S.K.: 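Structure below; questions to follow.
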Amino acid sequence: MAVKVKSIARRRAFVENGIRYSFAAISAFSIFVLVLVALFLIINALPAFRMISPGTFFFGTVWDPTSPLNPLYGIVPLFVATLLVTLISALIAIPIGLGCTIYLAELAHPRVRAIMKPAVEVLAGIPSVVLGFFALIVLATWAQDIFDPVNRLNLFVGGVMLSAMMIPIMVSLSEDAINSVPRSLKEASYALGTTRWETISKVILPAAKPGIVAAIMLSIGRAVGETMVVVMACGNAPHLTFNVFSSGLTMTATIANEMGEVAFNSTHYYALFAVGLVLFILTFILNYVADIILNRQEERY
Amino acid sequence: MDGSISVSNLNVWFDTNHALKDVSLKIGKNEITAIIGPSGCGKSTFIRCLNRMNDIIPKCRVEGTIHIDGEDINNPKIDVVEVRRRIGMVFQKPNPFPKSIHENIAYAPRLHGMVESSNGEGSEPKRRNYTKKEIDDLVEWSLKRAALWGEVKDRMHKSAYELSGGQQQRLCIARALAVKPEIMLFDEPCSALDPIATAKIEDLLVDLKKDYTVIIVTHNMQQAARVADKTAYFYLGELIEYGDTEQIFEKPQKKLTEQYITGRMG
Amino acid sequence: MDRKLKEKLLFLLFRLCALVVVATLAVLVGYVVINGIGVISWSFLTEFPRQGFTAGGIFPAIMGTLYLIALVLVIAVPIGVLTAVYVSEYSDQPLIDFEKVRPRLRRLAVTLHLRKNAEPKRPAKAKKLRKRGSQRLFYRILRIVITNLAGVPSIVYGLLGFGMLVIFFNLGMSLIASAITLAFLVLPLVITASRETIEAVPYSVREASLALGATKWQTIRSHVLPYSIPGILTGVILSISRAAGETAPILLTGALVLKQTLPDSIFSSYMALPYQLYALATQYSDATRPMQYGSALVLLLMVVGLNLVAIIIRNKYRKKYRW
């Protein structure tokens, strides 16, 4: 090559490298920020375990941080409330979500699907505070008329409302899973003379199972971490109860309710960070496992 | 500067897989060389070495020398961009940009600018931006050269995706020609096309030979026999035989080549 | 039971499930719209609240939410999109190419009198092209961090915003503290959405551009980015709508129930729609109910509107770039 365009090449290499390094710096910054978030949470939660013994924190059945004489920081009632709310919403959301997914992915007319998919996305996009508002004013009244609960605002109301949040997340994620099942598999099954339901239940659902399981886990993760719905609908009484019709205080609601009033550096302050850390770890595990399951699914097809 | 290629002791590894083994050959200017061989024999890897497209594949290692016009293109001091500018490439599947036909062709020339004749040996040539008129002329010239002008001249600003597969492939050829390369590499350019579109591309290849050195990878032996002056047969990463197309097809020297040609394998 | 009958019954059940979902949406939206539509008026949108939220409007809350959206956009989008570009396009090559740097280091060593000559002690293996290592560690870490932080509850981000920004960095209860908190929250979403669209651009397009002699950056700038912008935009809008509707993080970082002035800088506190709805619904009497409905409707319109815009953009461009 007789013509070497040296200066142009050098300038070009300079620009290329400059751009690459700036991109790298920005990515490093965003990772740094995200890791910092996790670290800060852990660092702020640790003092709690110096002030409260881990035994009392993890197994204490009373959460009464504002008692002037003997403040108690037992996470059990909060954990149980979260568990109950999540359980109720999962029991409602999983069957309905699954049915809706199968309808949307396999049965719906394309024109129906073209309307319904955005509808599901819009439902997923409704701010949780609006759901909480609806639960507080309407759903609680309905539940009162039907079930005659202990408290007007209770874990059941929160759970039912949460399911409205879980379903769209579940539907859109598990629909992706069903759509990623290769068409050839479906056609092979039909060619063997099976009915639609047999193909769905014996071929499509088993093939999409990891994705659906991951979708369920991710949506449960969202339910565990949801704040506004439970804070507005569950009544926020920090007692230990297994009755879903009495009011309760979940972990998220505790932080939302109490963080505004605590003194900086107090035991209560760090205790709330400890609750936050428990939430963080819980959702982290759910997400991480779901991610692993999803990755396996991707590798398979 | 005429586009002769001389490859010696070329070795390529993908991670631990030894994809090309000690390949050496010389390709003369204004010839069509066909590279044939069964799938996975290193045909594509070989031509991708010629314009250093293997650079962008992670874990790919290239050893050996490739001289184009006497200059070693694997020399770290050589500008890869310049190598690729001088060597056009057309891929297996038509890959036009999702832009208008005009934009597809104008993209690369705009990027490189126009080289004005350098004043005297050793001094660097000057580059300037093309004027709009020059770009339009260049686009027209490229499309004519790729035998596509007549079919698209009324819809230059429509998306290239609206063209048929064969037209898209000729658009990709025009796009490569617009950069004014000296060598054109074709990586199975007809494998995704129907026989009529294939025939058009083959005519075009023969026509391009006048001005360019053409190297074509193909799995279609009839195609090689129809268009190529020279043919190289690759098997499992090795160059088995290289010679005039007629000789390769009629009197192959090596047993492996003969088996392949007569259809006893691959 | 008969095969066909069983199938019919089951499919009916699935239809019912779908119906329940649509009905839920209809009831929720319908309820807010029916109750809120009567409240909305020009003065409701442009006046400050008066008489304990029983008269006047929600102007400061709307403005507060808009300020927040703008700030979150400015903070999270550039960082998120650029990170996505790096992860998708560059992370397969080592940050530093030692083959190139080594001679320079040797020359540096000579000038520092650490060694005598700049020639390598052992001759380098001849004609060895750069080796691209499996420099994916960074990528793996990023992936784990991003996918998992996307699922962290928003209240935990609120907790962090409070502890880290409001108190530790002493930003106080302010717009900027809330905006950074929300930016933390949406950053993983922006990165994931952008990464997915960037990686959906087929390899053959990049190959075509590189083979024409374009550099990597030129390829990204004139092909990869333009083709993925609709997708990135969709992701960004969805993230922003999420940020606009979030209550838990701003609850702890700067939103006030009532503030009689608009925020005059990014360091002042502010009112925001979701927080106003929460506070009025839980702490005030039924007399503020109309304002609650009005706030809920405006918030819903904003968020759902953003969602619809995103869906429309996506559907429009999905046809244009069908890979």
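These values consider heavy atoms only, across backbone and side chains, with no hydrogens, waters or symmetry-generated copies. Since this is a predicted model, take the numbers as computed values, not measurements.
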S.K.: F14(C) vs W197(A) aromatic rings, parallel, tilted or perpendicular, using cut-offs 30° and 60°?
M.R.: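 F14(C) and W197(A): tilted rings.
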S.K.: Without swapping roles, check the side chain of S266(A) against the backbone of V262(A) for a donor-acceptor pair under 3.5 Å.
M.R.: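 No; judged by distance alone, with no hydrogens or angles, the pair does not exist.
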S.K.: I'd like to verify something: which residue of F29(A), F264(A), F273(A) has the highest number of heavy-atom pairs under 4.5 Å with chain C?
M.R.: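 Result: the option with the highest number of such pairs is F273(A).
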S.K.: Tell me, side chain or backbone of V21(C) under 4.5 Å from chain A's heavy atoms, or both, or neither?
M.R.: both
S.K.: Under a 4.5 Å heavy-atom cut-off, does chain A meet the side chain of I167(C), its backbone, both or neither?
M.R.: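 Contact with chain A is through the side chain of I167(C) alone.
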S.K.: Using 30° and 60° as the class boundaries, would you call the ring planes of F134(A) and Y31(C) parallel, tilted or perpendicular?
M.R.: perpendicular
S.K.: Where does L13(C) contact chain A at under 4.5 Å (heavy atoms): side chain, backbone, both or neither?
M.R.: neither
S.K.: Using heavy-atom distances under 4.5 Å, tell me whether T194(A) contacts chain C through its side chain, its backbone, both, or neither.
M.R.: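 Contact with chain C: backbone only.
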S.K.: Counting only heavy atoms closer than 4.5 Å, note whether L187(C) contacts chain A via side chain, backbone, both or neither.
M.R.: side chain
S.K.: May I ask you to name which of G225(A), A290(A), A108(A), A13(A) has the most heavy-atom pairs under 4.5 Å with chain C?
M.R.: G225(A)
S.K.: Name the region of L252(C), side chain, backbone, both or neither, that has any atom closer than 4.5 Å to a heavy atom of chain A.
M.R.: side chain
S.K.: Does a donor on one side chain and an acceptor on the other come within less than 3.5 Å for Q292(C) and R289(C)?
M.R.: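 Present: a donor and an acceptor within the cut-off.
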S.K.: Will you find, in the side chains of T283(A) and R222(A), an N or O donor that is under 3.5 Å from an N or O acceptor?
M.R.: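 Not at all, the side chains of T283(A) and R222(A) share no donor-acceptor pair under 3.5 Å.
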S.K.: Where on L308(C) is there a heavy atom nearer than 4.5 Å to chain A: the side chain, the backbone, both, or neither?
M.R.: side chain
S.K.: Which region of R242(C), side chain (C-beta onward) or backbone (N, CA, C, O), has a non-hydrogen atom less than 4.5 Å from a non-hydrogen atom of chain A, or is it both or neither?
M.R.: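 For R242(C), the side chain is the part near chain A, not the backbone.
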S.K.: Name the region of Y157(C), side chain, backbone, both or neither, that has any atom closer than 4.5 Å to a heavy atom of chain A.
M.R.: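 Side chain only.
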S.K.: Could you pull out all residues at least two apart from A150(C) that satisfy side chain to side chain contact (heavy atoms under 4.5 Å, CB included)?
M.R.: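 In terms of side chain to side chain contact (heavy atoms under 4.5 Å, CB included), with neighbours along the sequence ignored, A150(C) is linked to P188(C), L189(C).
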S.K.: Heavy-atom distance under 4.5 Å to chain A: side chain of I79(C), backbone, both or neither?
M.R.: both
S.K.: Contact part of N257(A) toward chain C, heavy-atom cut-off under 4.5 Å: side chain, backbone, both or neither?
M.R.: side chain
S.K.: With a cut-off of 3.5 Å and sequence neighbours excluded, list every side-chain donor-acceptor pair involving residues 117-127 of chain A.
M.R.:
{"unit_1": "K117(A)", "atom_1": "NZ", "unit_2": "E175(A)", "atom_2": "OE1", "d": "3.0"}
{"unit_1": "E121(A)", "atom_1": "OE1", "unit_2": "R314(C)", "atom_2": "NH1", "d": "3.3"}
{"unit_1": "E121(A)", "atom_1": "OE1", "unit_2": "R314(C)", "atom_2": "NH2", "d": "3.1"}
{"unit_1": "E121(A)", "atom_1": "OE2", "unit_2": "R314(C)", "atom_2": "NH2", "d": "3.3"}

S.K.: For Y288(A), which atoms come within 4.5 Å of any heavy atom of chain C: side chain, backbone, both, or neither?
M.R.: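 Both parts, backbone and side chain.
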S.K.: With chain C, which of V15(A), L104(A), I137(A), L279(A) has the greatest number of heavy-atom pairs at distances under 4.5 Å?
M.R.: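 Maximum pair count with chain C is reached by I137(A).
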S.K.: Checking heavy atoms, do the side chain of V152(C), its backbone, both or neither come under 4.5 Å from chain A?
M.R.: both
S.K.: Contact part of T215(C) toward chain A, heavy-atom cut-off under 4.5 Å: side chain, backbone, both or neither?
M.R.: both
S.K.: Say whether, by atom type as modelled, one donor and one acceptor occur between the side chain of E198(A) and the main chain of T195(A) under 3.5 angstrom.
M.R.: yes
S.K.: Let me know if F162(C) has heavy atoms under 4.5 Å from chain A in its side chain, its backbone, both or neither.
M.R.: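 Side chain of F162(C) only, per the 4.5 Å heavy-atom cut-off to chain A.
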S.K.: At a heavy-atom separation under 4.5 Å, does N307(C) approach chain A through its side chain, its backbone, both, or neither?
M.R.: side chain
S.K.: Is V171(A) close to chain C through its backbone or its side chain, or both, or neither, when contacts mean heavy atoms under 4.5 Å?
M.R.: neither
